[in-house]
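This report refers to the structure that appears directly beneath it.
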Amino acid sequence: MIKINENFLELQESYLFATIAKKVAEFTKENPDKKVIKLGIGDVTRPIPQAVLKAMHEATDEFQKTESFRGYGPEQGYDFLREKIRDNDYKSRGIQIDTDEIFVSDGAKCDCGNIVDVFSENNKVAITDPVYPVYLDTNVMTGRSGKYNKEQGKYENIVYIPATAKNNFVPELPKEKVDMIYLCYPNNPTGTTLTKEQLKIWVDYAKENKSIILFDAAYEAFITDENVPHSIYEIEGAKEVAIEFRSFSKTAGFTGIRCAFAVIPKELKGYTESGEKIELNKLWNRRQCTKFNGVSYVTQRAAEAIYSEEGKKQVKENINYYKENAKIIKKGLEEAGYTVYGGVNSPYVWLKLPDGTKSWDFFDKLLKEANVVGTPGVGFGPSGEGYFRLTGFGTKENTIEAIERIKKMK
Ligand code: PLP
């Protein structure tokens with residue numbers, strides 16, 4: 001008899017995007033003359049930078065000839081890309097990362113999800129709340145969550161750390177000892193950031209408690225404020241306690257092309273039950289060599305092109321476009337009297353709803369009265385109730401129009 005991994009039965013159905021799609025479809029059917037503007041999406045919309053496309057075409061052509069044909073590549077990624085990452089993302093900020101500490105992959109989602117393979121089922125997991133759902137669900141699948149408490153909207157063995165307007169979106173250290181800590185900055189969904197000093201508190205906690213920080217920096221490219229760290233390794237001692245996840249998805253429009261990387265410094269150790277120190281870099285390398293066959297050559301050449309002078313310029317233009325949209329949303333909503341967070345070092349704007357308005361009620365009102373679609377905050381965790389996410393990933397024209405309509409709402 002084939003037995004299943006029963007942890008999967010503990011997963012809660014994510015109704016968020018399915019429900020949004022259903023509600024929008026119903027509204028459109030009933031109001032075919034209304035132009036609905038979608039500012040709920042977390043996906044990029046701008047064309048891929050020309051420098052990237054050129055590199056992809058050239059790489060594809062190499063497959064035409066026997067001399068330049070490529071088969072399986074290194075599971076960890078080609079050195080030409082790992083060296084660019086090392087120099088541009090780390091060395092340029094005074095951070096020493098070796099190429100063999102960089103693992104190129106097909107997405108930060110996969111990396112954040114797969115990393116749980118190398119950790120014991122007995123680890124205590126902490127997530128900030130609201131949160132990118134992948135951290136939670138992958139720990140549910142691997143048996144670290146315990147049972148789901150419907151009333152609280154929480155799993156019994158997961159430590160939820162609220163990040164709300166109450167604490168100015170700076171999560172407080174957990175009262176109980178935790179082993180695995182997920183931090184995502186700039187944050188999805190709140191668009192907020194931590195300063196170097198605030199992040200250092202977490203690094204110090206992890207050092208003291210022999211915990212690990214799983215630091216998701218997928219939105220790093222959106223940072224402009226000086227004191228916001230681009231990498232957790234800007235914080236002293238972080239190499240001993242943190243894995244960093246980066247992605248080309250939001251940086252360079254790679255959500256469809258697929259390329260990302262994880263950094264696992266050799267100083268970073270985990271422990272056996274008997275307390276023996278083990279290099280996590282080695283475990284991850286073994287895991288990847290067994291379960292992953294690398295990112296396609298064409299894709300890695302595309303990612304490499306982001307680091308060329310032309311590529312950097314074109315990527316920046318796209319990022320600035322989204323950031324400008326986020327600014328328009330933030331400014332417009334503030335003028336309309338809303339309290340708004342994020343939207344500065346991030347494409348995400350996090351709206352605090354007035355007078356105890358529920359996230360889904362605001363969704364319905366916004367759709368009906370302004371014909372604008374956003375994402376209810378409660379879909380990202382219990383502490384997201386009463387909040388709403390809008391994104392700068394639409395077109396500028398639609399963003400301006402959407403905000404004008406919201407301003408006219410009663
Ligand atoms: N991490 C965060 C916080 C995200 O919001 C997303 C995508 O929305 C990802 C990771 C996924 O990145 P990738 O496209 O590289 O899998």
Side-chain angles (χ1 to χ4, degrees), residues 14 16-17 20 38-46 48 52 77 81 85 89 102-116 127-139 161 163 169 171 181-194 199 213-223 228-232 242-263 288 292 294-296 299-300 302-303 306 315 318-319 322 326 342-343 345-350 374-375 377 379-381 384 389-394:
S14 173
L16 183 63
F17 290 101
I20 291 174
K38 294 179 182 169
L39 294 187
I41 47 159
D43 197 357
V44 290
T45 50
R46 308 281 300 155
I48 299 298
V52 172
L81 177 57
I85 293 169
D89 288 315
I102 298 165
F103 295 85
V104 176
S105 77
D106 57 348
K109 186 191 213 175
C110 328
D111 286 344
C112 290
N114 292 332
I115 198 73
V116 295
I127 55 165
T128 55
D129 174 25
V131 80
Y132 177 57
V134 173
Y135 317 141
L136 178 63
D137 284 356
T138 52
N139 278 293
I161 307 173
F169 300 93
I181 304 158
Y182 288 87
L183 295 179
C184 170
Y185 290 100
N187 188 262
N188 178 15
T190 66
T192 57
T193 52
L194 292 186
L199 190 53
I213 298 174
L214 300 155
F215 191 75
D216 186 345
Y219 297 93
E220 172 275 333
F222 291 82
I223 297 171
V228 175
H230 290 250
S231 163
I232 193 165
I243 291 177
E244 180 160 292
F245 302 102
R246 293 272 190 108
S247 171
F248 298 109
S249 282
K250 310 297 159 85
T251 307
F254 272 47
T255 52
I257 296 175
R258 312 300 306 145
C259 198
F261 62 90
V263 178
Q288 289 297 78
F292 185 58
V295 176
S296 86
T299 298
Q300 292 191 62
I306 294 164
V315 160
N318 279 358
I319 296 279
Y322 298 132
N345 298 290
S346 165
Y348 295 124
V349 177
W350 192 239
T375 314
F380 299 98
R389 192 189 77 172
L390 294 171
T391 88
F393 287 127

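Start at 1 and go down the list; that is how both ligands and their atoms are numbered. What you are looking at is a predicted structure, and each value in this text was computed from that prediction instead of being measured.
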Closest non-hydrogen atoms of G379 and L16, given as atom of the first, atom of the second and distance, are CA-CD1, 3.7 Å
The residue among F380, F169, Y219 that forms ring pair (Phe, Tyr, Trp, His ring centres under 6.0 Å) with Y348 is Y219
Within the 4.0 Å heavy-atom cut-off, what A218 brings close to ligand 1 is side chain
Logged contact type for Y219 with ligand 1, heavy-atom cut-off 4.0 Å, is side chain
Practice prompt. Could you verify whether a donor N or O on one side chain and an acceptor N or O on the other, from N187 and T192, lie under 3.5 Å apart?
Written response: no
**Q.** Any donor-acceptor N or O pair under 3.5 Å, side chains E244, S231
**A.** yes
Looking only at protein heavy atoms, what sits closest to atom 7 (C) of ligand 1 is K250 NZ, 3.2 Å
Among non-hydrogen protein atoms, atom 9 (C) of ligand 1 lies closest to Y132 OH, 3.2 Å
### Task
Would you indicate whether the side-chain heavy atoms of I243 and V263 approach each other to under 4.5 Å?
no
For [X], the ligand 1 atoms whose distance to one of its heavy atoms is below 4.0 Å:
X	result
S247	12 (O), 13 (P), 15 (O)
G107	15 (O), 16 (O)
C184	3 (C)

The reported gap from CZ in F103 to CG in N114 (rounded to nearest 0.5 angstrom) is 13.0 Å
Q | Mutual orientation of the aromatic rings belonging to F222 and F393 [parallel < 30°, tilted 30-60°, perpendicular > 60°] | A | perpendicular
Q.
Less than 4.0 Å is my threshold; does some heavy atom of D216 fall inside it relative to ligand 1?
A. yes
Note to self: Against ligand 1, does Y135 come closer than 4.0 Å with any heavy atom?
What the structure shows: yes
*Heteroatom distance test (S249, ligand 1): nitrogen or oxygen, under 3.5 angstrom*: yes
Worksheet item: Can you check whether C110 has an N/O within less than 3.5 Å of an N/O in ligand 1?
Response: no
Practice prompt. Would you confirm whether the ring centroid of F248 sits within less than 6.0 angstrom of the ring centroid of F261?
Written response: yes
